[in-house]
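Below: one structure, written as structure tokens.
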2 protein chains.
Amino acid sequence: MKRQRMSDQGGTVTIHDVARHAGVSSMTVSRVINKNVNVREPLREKVMASIKALKYTMNMAARSTRAGMGGVRIGVLYSHPSASYLNEVMLGGLDQAARLGAQLLLEKCGGLQSQKNAVNRLVEAGVDGVILPPPLCDSAPTVQMLTRVGIPVLALATARPLPEVSAVRIDDFQGALALTRHLTKLGHKRIGFIKGNPTHTPTEVRYEGFLKGLSEAGIALDEGLVVQGQFTYKSGLEAGRELLDRKDPPTAIFASNDDMAAGVMAVAHGLKISIPEQLSVCGFDDTPVASTIWPQLTTVHQPIVAMGRSSVSTIFERIKELKSGEPSRPAHQLMKFTLMDRDSTGPAPK
Amino acid sequence: MKRQRMSDQGGTVTIHDVARHAGVSSMTVSRVINKNVNVREPLREKVMASIKALKYTMNMAARSTRAGMGGVRIGVLYSHPSASYLNEVMLGGLDQAARLGAQLLLEKCGGLQSQKNAVNRLVEAGVDGVILPPPLCDSAPTVQMLTRVGIPVLALATARPLPEVSAVRIDDFQGALALTRHLTKLGHKRIGFIKGNPTHTPTEVRYEGFLKGLSEAGIALDEGLVVQGQFTYKSGLEAGRELLDRKDPPTAIFASNDDMAAGVMAVAHGLKISIPEQLSVCGFDDTPVASTIWPQLTTVHQPIVAMGRSSVSTIFERIKELKSGEPSRPAHQLMKFTLMDRDSTGPAPK
DNA sequence: GGGCCAAAAGATATCGATATCAAATTGGGG
DNA sequence: CCCCAATTTGATATCGATATCTTTTGGCCC
């Protein structure tokens with residue numbers, strides 16, 4: 001019934017209602033909300049109190065109609081990311097775009113010619129900036145095509161950011177290092193490693209993190225335990241079979257992403273190798289599959305949703321600066337990863 | 001440089017630009033766009049031509065500021081759906097919400113008491129409607145709590161829609177039937193079936209579709225080939241082991257969802273049973289895992305993103321009607337499913 | 001304490017689309 | 001051929017938030 005009353009009033013509390021309640025002008029309220037500096041403390045407090053009292057929430061649509069920023073269009077150009085990865089990126093991205101009143105255009109492409117076409121379509125559509133999720137974030141031709149026509153680009157989750165291109169990412173090296181330390185602390189000495197697709201930048205960087213972890217623990221690298229994968233489930237299956245069919249199989253396997261780790265675990269289940277008692281497995285990314293499979297996967301959590309959100313707001317800021325002629329430099333943002341210690345890793349067997 | 005020119009102009013084509021170009025008032029353009037009836041053919045054509053010529057696209061944010069519809073808030077209340085399922089729902093939902101200028105509030109809950117709290121939080125936040133993805137779509141207490149305070153509810157992907165609650169769904173019965181026919185046409189006679197969580201409505205309905213498919217093909221049900229699952233990967237693992245450890249294992253297994261099918265495939269890989277040569281496996285839902293695993297899974301595609309989108313617009317319409325005092329009835333929408341014939345099914349072995 | 005400048009607060013115009021009401025046009029019956 | 005009703009079109013106000021300009025306030029120096 002409380003609700004009923006609200007609905008009778010029209011339901012929505014506006015900035016003007018807050019202003020009236022606080023006895024100030026609506027501009028002052030707007031300034032408080034946007035953390036503009038020119039508001040004195042007593043007024044700011046009164047306004048904050050009124051916002052709380054009236055349970056005011058901003059109408060984002062209205063904000064975005066305001067001059068200048070209306071109709072910002074941001075393209076998201078992707079080629080072959082894992083489906084769930086892109087989902088999460090878009091989840092955060094769309095949410096943030098809605099907040100900012102920007103429009104997101106999703107465009108798919110395949111090979112190089114197809115990339116050219118896709119870029120043209122985006123330019124035709126009048127995008128003001130483009131986000132490149134992996135693996136396109138590392139495609140030099142695509143980045144060049146876009147920057148040449150003056151469109152700012154943001155590389156999402158690249159492991160080797162270029163200084164002249166904005167980027168949002170985690171520290172793949174530190175992530176892999178943390179995971180390796182986790183394994184060595186559990187007593188593992190024979191650790192298998194499955195590399196990812198060699199054309200993606202995180203592949204190499206994660207491997208470097210792994211090597212660093214080994215050397216920290218004083219373990220010599222056994223090259224026979226390093227297998228090339230492709231970041232796909234199938235390649236995980238094959239790599240897992242190769243590692244587990246050895247006479248001296250590893251006691252732990254570090255797969256460069258979750259999909260491959262899931263493949264390894266499928267093989268292990270088949271060989272009736274119990275996880276984590278006989279074999280520890282870990283992945284990377286914390287995509288949904290990591291918590292779907294059983295036992296749940298120890299992995300490095302990339303805050304993908306937050307990274308999608310951050311990508312949109314970062315490139316949005318850049319666009320705003322460029323449009324208003326302010327000086328603007330590419331922005332680089334490093335997000336925090338989290339080591340998800342779940343059930344697929346355990347102490348090394350004797 | 002084409003782009004540069006646009007940016008100099010301000011970049012965005014508005015309804016007024018179109019009006020000037022067509023030599024009419026902006027209201028007329030608005031009416032054409034919204035398919036209102038009161039526009040004569042010659043004018044409509046002129047306007048359409050101008051829209052095309054100027055590549056006009058509507059600014060959705062501006063539309064939603066207009067009186068009345070401002071600040072529609074739609075809650076999404078979920079408990080334990082698979083992560084990727086919820087992602088996709090939100091993907092479509094957020095996109096549509098942005099288009100309509102509505103706000104989406106995501107709220108999580110667990111048990112019954114927690115559901116009460118979550119409902120209260122949503123009411124407190126002033127939501128105008130609530131979407132319930134599975135499994136909450138079938139929770140009578142939650143639905144009642146909400147309807148009692150006059151908040152319209154939409155059940156997403158329930159298999160047994162209530163006449164008094166709006167719903168967006170696919171026909172689970174027909175989907176399961178189509179999949180079963182696919183298997184019988186391939187010559188399979190011994191088909192294992194893994195049921196889902198018994199508290200979810202699709203569980204039973206999919207099973208009924210399976211039974212219908214069997215009887216159509218003149219195959220008698222072997223109850224020993226029907227195993228209880230829980231819609232989880234782990235339960236698929238266990239059910240798969242049970243079915244494949246039999247003396248007379250089935251030549252095909254129909255898992256009630258993709259996660260369980262993935263579990264079955266992991267077991268099969270372990271037993272070195274090749275798919276699809278020795279065993280056909282199929283799932284249901286076409287979540288990302290279906291195209292992640294190898295071989296890719298034959299399954300029934302639920303257009304989850306579209307369903308999320310549709311849920312938002314359906315409940316938005318309902319809210320609009322209720323707010324403006326128009327007569328309003330719950331809306332039921334049936335989406336088309338697609339049989340995805342991929343690589344995990346093949347002809348029955350001799 | 002007066003004058004001056006910067007900071008703070010307010011008033012007003014504006015964004016793009018649409019509701020609403022007024023004006024213009026059409027059509028048809030007398 | 002005229003007049004009224006129904007339809008089509010246009011003018012204007014409005015939504016919520018903010019840019020911009022204007023007014024007010026407060027502090028500081030002499």
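Within every chain, numbering begins at 1; the chains are lettered A, B, ... in the order of the sequence lines, protein sequences first and strands thereafter. For clarity, every value in this text was computed on a predicted model and none was experimentally measured.
- Closest to the side chain of A:Asn38, out of D:dT8, C:dA9, C:dA8, is C:dA8.
- The side chain of B:Tyr56 approaches C:dA17 more closely than any other nucleotide in the set D:dT9, C:dA17, C:dA9.
- In this entry the distance linking CZ of A:Arg44 with C1' of C:dA8 reads 12 Å, nearest Å.
- The backbone N or O of B:Cys109 sits nowhere less than 3.5 Å from a side-chain atom of B:Ser79 that would complete a donor-acceptor pair.
- In terms of modelled atom types and a separation under 3.5 Å, the side chain of A:Asp286 and the main chain of A:Gln302 share no donor-acceptor contact.
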B:Thr28 vs B:Ser25, side-chain hydrogen bond (donor to acceptor under 3.5 Å, both in side chains): CA-CA, chis, key distance, verdict:
CA-CA 5 Å; B:Thr28 304; B:Ser25 80; 3.3 Å; yes

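- One finds the OG1 atom of A:Thr14 at 7.0 Å from the CZ atom of A:Arg20 (value rounded to the nearest 0.5 Å).
- Of all non-hydrogen atoms in B:Leu91 and A:Asn87, the two that sit nearest each other are CD2-OD1, 3.1 Å.
- Checking D:dA17, D:dT9, C:dA8 against every side-chain atom of B:Thr28, the shortest atom distance belongs to D:dT9.
- Of the possible polar contacts, one joining the A:Thr314 side chain to the A:Ser310 backbone as a donor-acceptor pair under 3.5 Å is found.
- Of the possible polar contacts, none joining the B:Ser30 side chain to the B:Ser26 backbone as a donor-acceptor pair under 3.5 Å is found.
- Nucleic acid contact class of B:Ile33 (heavy atoms, under 4.0 Å, all strands): none.
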Is there any protein nitrogen or oxygen under 3.5 Å from a nitrogen or oxygen in nucleotides 20-23 of chain D, and what are the pairs?
none

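- To the nearest 0.5 Å, the span separating CG on B:Leu94 from CE on A:Met90 amounts to 10.0 Å.
- Using a 4.0 Å heavy-atom criterion, one finds that B:Val39 contacts the sugar-phosphate atoms exclusively.
- Atom CG of A:Leu43 is separated from atom C1' of D:dT25 by 12 Å (rounded to the nearest Å).
- Rounded to whole Å, atom C1' of C:dA9 lies 15 Å from atom CD of A:Glu41.
- Of the residues in residues 15-26 of chain A, those placing a heavy atom less than 4.0 Å from an atom of DNA chain D are A:Ile15, A:His16, in numerical order.
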Please output the side-chain donor-acceptor pairs of residues 42-50 of chain B that fall under 3.5 Å, not counting sequence neighbours, one pair per line with the distance.
from: B:Ser50; atom 1: OG; to: B:His21; atom 2: ND1; distance (Å): 2.8
from: B:Ser50; atom 1: OG; to: B:Lys46; atom 2: O; distance (Å): 3.2

